*Asks:* 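The structure that follows is given in the form of structure tokens.
All values derive from a computational prediction rather than experimental measurement. Position 1 is the first residue of the sequence, and the numbers go up from there.
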Amino acid sequence: MSEAGSHNPLSDHLDQAMLADELSTVLRETVFSSSLRVSPRRVAEIGKQFALVFFECYDHADDPAAQAYGQQLANEGLGPRSVLRAVAALQRICTERSNPLKDLPFVASIFSCNLLDGYIAAREKRLLEDQERSRKAELAVMGRQQSMPD
């Protein structure tokens, strides 16, 4: 990640605030497809964080921060549709702004894959945990039913 105070060459060609606004707009359009844990007020902050993590990962596309941020998005309850639309917006914006940074679409693609990898892993973990809780609850109910007198 870039160190505090160091110049990020991406800033010369892509406005981080504009990217954050675009991502927030896309997320706002899909926030209701997310779980109820995501507040519509939180959408602008998620857009800013998404853009910040991308800018921080620009020089190191394989930075684990992208995967960690994907996990964070899943844990916050952002739905798959919202995440996919945000990733598509990121890639579209980077393709449009790729001149003279010819590697920008490639970096956005690697970043997106890592973010989605983290997102999917966190969602799978949460689903497995939910299934295990449901199984334990079902077993407890079945145990109580068997111990009840007829």
*Asks:* Can you tell if the side chain of Asn114 reaches within under 4.5 Å of the side chain of Tyr69, non-hydrogen atoms only?
*Replies:* no
*Asks:* Please list, chain by chain and in numerical order, all residues satisfying salt bridge (Lys or Arg N to Asp or Glu O under 4.0 Å) with Glu45, sequence neighbours excluded.
*Replies:*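 Partners of Glu45 under the salt bridge (Lys or Arg N to Asp or Glu O under 4.0 Å) test: none.
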*Asks:* Carefully, step by step, assess Thr30 and Leu84 under the rule side-chain contact (heavy atoms from CB on, under 4.5 Å).
*Replies:* CA-CA 10 Å; Thr30 61; Leu84 290 171; over 6 Å; no
*Asks:* Partners of Glu132 by salt bridge (Lys or Arg N to Asp or Glu O under 4.0 Å), sequence neighbours excluded?
*Replies:*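 Counting only residues at least two positions away or on another chain, Glu132 forms a salt bridge (Lys or Arg N to Asp or Glu O under 4.0 Å) with Arg135.
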*Asks:* Find out if a path of hydrophobic residues (ILVMFWY) with successive side-chain heavy-atom gaps under 4.5 Å connects Leu10 to Leu19.
*Replies:*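 Per the 4.5 Å side-chain linkage, Leu10 and Leu19 are co-clustered.
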*Asks:* Dump the intermediate steps for side-chain contact (heavy atoms from CB on, under 4.5 Å) on Val107 and Leu101, then the final yes or no.
*Replies:* CA-CA 10 Å; Val107 172; Leu101 296 176; over 6 Å; no
*Asks:* Between Ser109 (side chain only) and Pro105 (backbone N and O only), is there a donor and an acceptor less than 3.5 Å apart?
*Replies:*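 Side chain of Ser109 to backbone of Pro105: no pair is present.
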*Asks:* Would you please name every residue forming a side-chain contact (heavy atoms from CB on, under 4.5 Å) with Ala86, sequence neighbours left out?
*Replies:*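 Partners of Ala86 under the side-chain contact (heavy atoms from CB on, under 4.5 Å) test: Leu23, Leu27, Phe50.
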*Asks:* About how many Å separate CG of Leu115 and CD of Gln71, when rounded to the nearest 0.5 Å?
*Replies:* 9.5 Å
*Asks:* With sequence neighbours left out, what residues match Glu129 under side-chain contact (heavy atoms from CB on, under 4.5 Å)?
*Replies:*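 If we apply the side-chain contact (heavy atoms from CB on, under 4.5 Å) test to Glu129, skipping adjacent residues, the hits are Lys125, Arg133.
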*Asks:* Who pairs with Asp15 by side chain to side chain donor-acceptor pair (under 3.5 Å), at least two apart in sequence or on another chain?
*Replies:* none
*Asks:* Grouping I, L, V, M, F, W and Y whenever their side-chain heavy atoms are under 4.5 Å apart, do Phe55 and Leu73 come out in a common cluster?
*Replies:* yes
*Asks:* Rounded to the nearest 0.5 Å, what's the gap from CZ on Arg123 to CG on Leu78? Could you check?
*Replies:*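 Output value for this atom pair is 9.5 Å.
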*Asks:* Please identify each residue that fulfils side chain to side chain donor-acceptor pair (under 3.5 Å) with Ser24, with sequence neighbours left out.
*Replies:*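 Partners of Ser24 under the side chain to side chain donor-acceptor pair (under 3.5 Å) test: none.
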*Asks:* Please round to the nearest 0.5 Å and tell me the distance separating atom CD of Glu96 and atom CG of Leu104.
*Replies:* 11.0 Å
*Asks:* The criterion is side-chain contact (heavy atoms from CB on, under 4.5 Å); which residues satisfy it with Glu22, sequence neighbours excluded?
*Replies:* Met18, Arg92, Ile93
*Asks:* Arg85: which residues meet the salt bridge (Lys or Arg N to Asp or Glu O under 4.0 Å) condition with it, sequence neighbours left out?
*Replies:* Glu29
*Asks:* The criterion is side-chain contact (heavy atoms from CB on, under 4.5 Å); which residues satisfy it with Asp117, sequence neighbours excluded?
*Replies:*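 For Asp117 the side-chain contact (heavy atoms from CB on, under 4.5 Å) partners, ignoring immediate neighbours, are Gln67.
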*Asks:* Identify the two heavy atoms, one from Ala51 and one from Gln16, that lie closest to each other, and give their separation to 0.1 Å.
*Replies:*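 Taking Ala51 first and Gln16 second, the nearest heavy atoms are CB-O, 3.9 Å.
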*Asks:* Please identify each residue that fulfils salt bridge (Lys or Arg N to Asp or Glu O under 4.0 Å) with Glu124, with sequence neighbours left out.
*Replies:* none
*Asks:* Please say yes or no: joined through hydrophobic side-chain contacts below 4.5 Å, possibly via intermediate residues, are Leu52 and Val26 part of one cluster?
*Replies:*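 They do not share one cluster, since no chain of ILVMFWY contacts under 4.5 Å joins Leu52 to Val26.
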*Asks:* Test side-chain contact (heavy atoms from CB on, under 4.5 Å) on Phe111 and Val53 and set out the steps.
*Replies:* CA-CA 9 Å; Phe111 174 85; Val53 173; 3.7 Å; yes
*Asks:* How close do Ala20 and Lys48 get, counting heavy atoms only, and between which atoms?
*Replies:* CB-CA, 3.7 Å
*Asks:* Could you work out, with ring pair (Phe, Tyr, Trp, His ring centres under 6.0 Å) as the rule, every residue matching Tyr119, not counting sequence neighbours?
*Replies:* none
